Amino acid sequence: MKIMESYDWKNLSFGYLKTEYNTRCNFTNGRWGELEISSSEYIPMHMAATSLHYGQAAFEGLKAFRGKDNRIRVFRLNENARRLQHSAIGIKMAVVPEDLFRKAVLTAVKLNEKYVPPYGTGASLYIRPLLVGTGAEVGVKPAKEFLFLVFVTPVGPYFKEGFKPVDIMVCRGYDRAAPLGTGRYKVGGNYAASLESLELAHQKGFSTTLYLDPKEKKYVDEAGPANFFGVKNNTYITPSSNSILPSITNMSLQQLSIDLGMKVECRPVEFDEVPSFEEVGACGTAAVITPIRKIIDPDTNKIYEFCCDGKPGPVSTKLYNKLISIQCGDEPDLHGWLEFAD
Ligand SMILES: Cc1ncc(COP(=O)(O)O)c(C=O)c1O
């Protein structure tokens with residue numbers, strides 16, 4: 001199949017571009033139906049659907065990459081399937097079986113093959129699985145009916161800087177999740193809770209926010225829509241916290257750090273420890289690795305600076321190159337992270 005010719009692949013932003021098909025499956029009468037293919041961008045939904053009123057909405061984000069060999073690889077699909085299952089259980093929705101998730105994702109990618117960006121452009125096909133309560137309820141309770149849908153859209157880097165260091169702002173006045181809340185699930189409500197602080201950070205010229213733990217504001221949680229990591233003494237250090245999303249990119253970077261002969265620590269990270277890091281970064285499917293140049297703390301007027309001459313640090317660079325080489329098929333997939341969609 002031919003790749004779309006009219007796109008400026010190298011300059012794509014991280015946004016929605018229409019593709020041709022999405023895949024859908026409905027849960028009714030206690031079971032999942034057949035997977036359907038749709039070319040509509042809209043969902044017919046009851047006005048009392050629980051997703052609209054009570055936030056029964058979870059989603060995923062993963063990517064497909066075109067290799068030099070022109071083959072299309074999807075990265076760690078099974079981990080996204082598992083995380084969506086956790087999110088579903090966390091907010092009382094029907095669980096999507098892994099087989100259904102895989103079929104819906106691979107079919108959506110295959111049908112939109114021509115939108116998978118060419119090798120070497122830095123762009124990829126973002127895959128967005130969505131699970132929402134469609135059943136009508138007026139009292140606060142879970143729906144009995146759900147829709148699982150997968151759409152895809154070609155994207156460039158999440159932060160317009162790409163693999164260049166960004167400045168971020170500590171947000172003590174906002175929490176994206178409560179200590180015993182839904183932060184570890186990928187559910188819509190967490191993102192609604194983050195919008196005001198994100199907008200504030202953008203208005204002040206920062207790429208994103210740095211959230212501290214919602215209980216004590218003593219530990220680092222995560223960096224906007226991405227996990228946080230630091231590097232020191234040949235060790236990759238990343239926060240463990242009940243209120244952050246377990247990032248699949250972070251999980252992969254921990255493995256790659258071990259492969260590169262580094263140590264890995266996944267533990268609570270006090271904000272006071274941050275200045276001792278040699279490099280810090282944000283990581284996620286969309287952010288890949290986004291090195292952090294400065295962390296500004298408006299409440300203490302302190303500025304913490306990282307990166308040499310505004311360039312990404314050596315470890316972040318090594319990890320970034322390793323990750324994207326595996327994703328595109330330039331390096332062997334030693335951990336079985338890729339599935340072909342073609
Ligand atoms: C809040 C949040 N944290 C972390 C991540 C990174 O997770 P992953 O690497 O699985 O994309 C994301 C993005 O998906 C996110 O939205």
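Keep in mind it's a predicted model, so treat the numbers as computed, not measured. Ligands are counted one by one from 1 in listed order, and the atoms in each one are counted from 1 as well. Each residue takes its place number in the sequence, starting with 1.
Across the listed options Leu62, Leu253, Thr249, Thr249 owns the non-hydrogen atom lying nearest to atom 9 (O) of ligand 1. When Ser243, Pro225, Pro246, Gly224 are ranked by how near their heavy atoms come to atom 15 (C) of ligand 1, first place goes to Pro225. Distances from atom 6 (C) of ligand 1 to the heavy atoms of Ala177, Ser194, Gly284 put Gly284 nearest.
Among all protein heavy atoms, the one lying closest to atom 3 (N) of ligand 1 is Glu222 OE1, 2.6 Å.
Taking every heavy atom of Arg83 and a limit of under 4.0 angstrom, the matching atoms of ligand 1 come to 7 (O), 8 (P), 10 (O). Within the listing of ligand 1, atoms 6 (C), 7 (O), 8 (P), 9 (O), 10 (O) sit less than 4.0 angstrom from a heavy atom of Ser247. Close contacts between ligand 1 and Asn227 involve ligand atoms 3 (N), 4 (C) [criterion: under 4.0 Å to a heavy atom]. For ligand 1 and Tyr191, the ligand atoms under 4.0 Å from any heavy atom of the residue are 1 (C), 2 (C), 15 (C), 16 (O).
The shortest N or O to N or O distance between Ile248 and ligand 1 is below 3.5 Å.
Under a hydrophobic-cluster definition in which Ile, Leu, Val, Met, Phe, Trp and Tyr are linked whenever side-chain heavy atoms come within less than 4.5 Å, directly or via other members, Leu200 and Ile292 are assigned to different clusters.
Side-chain N or O atoms of Ser252 include none that pairs as donor or acceptor with a backbone N or O of Asn250 at under 3.5 Å.
The shortest distance between side-chain heavy atoms of Ser40 and Arg24 falls below 4.5 Å.
Using a 4.0 Å cutoff on heavy atoms, Glu60 does not count as a contact of ligand 1. Distances from ligand 1 to the non-hydrogen atoms of Arg176 include at least one value under 4.0 Å.
Contacts of Ala226 with ligand 1, taken as heavy-atom pairs under 4.0 Å, involve the backbone alone. With a 4.0 Å cut-off on non-hydrogen atoms, Glu79 does not touch ligand 1 at all.
When all heavy atoms are compared, the tightest approach of Phe148 to Leu84 is CE1-CD2, 3.8 Å.
Two rings, from Phe151 and Tyr21, have their centers 6.0 Å or more apart. Between Tyr304 and Phe271, the ring center distance clears the sub-6.0 Å criterion. Two rings, from Phe14 and Tyr126, have their centers less than 6.0 Å apart.
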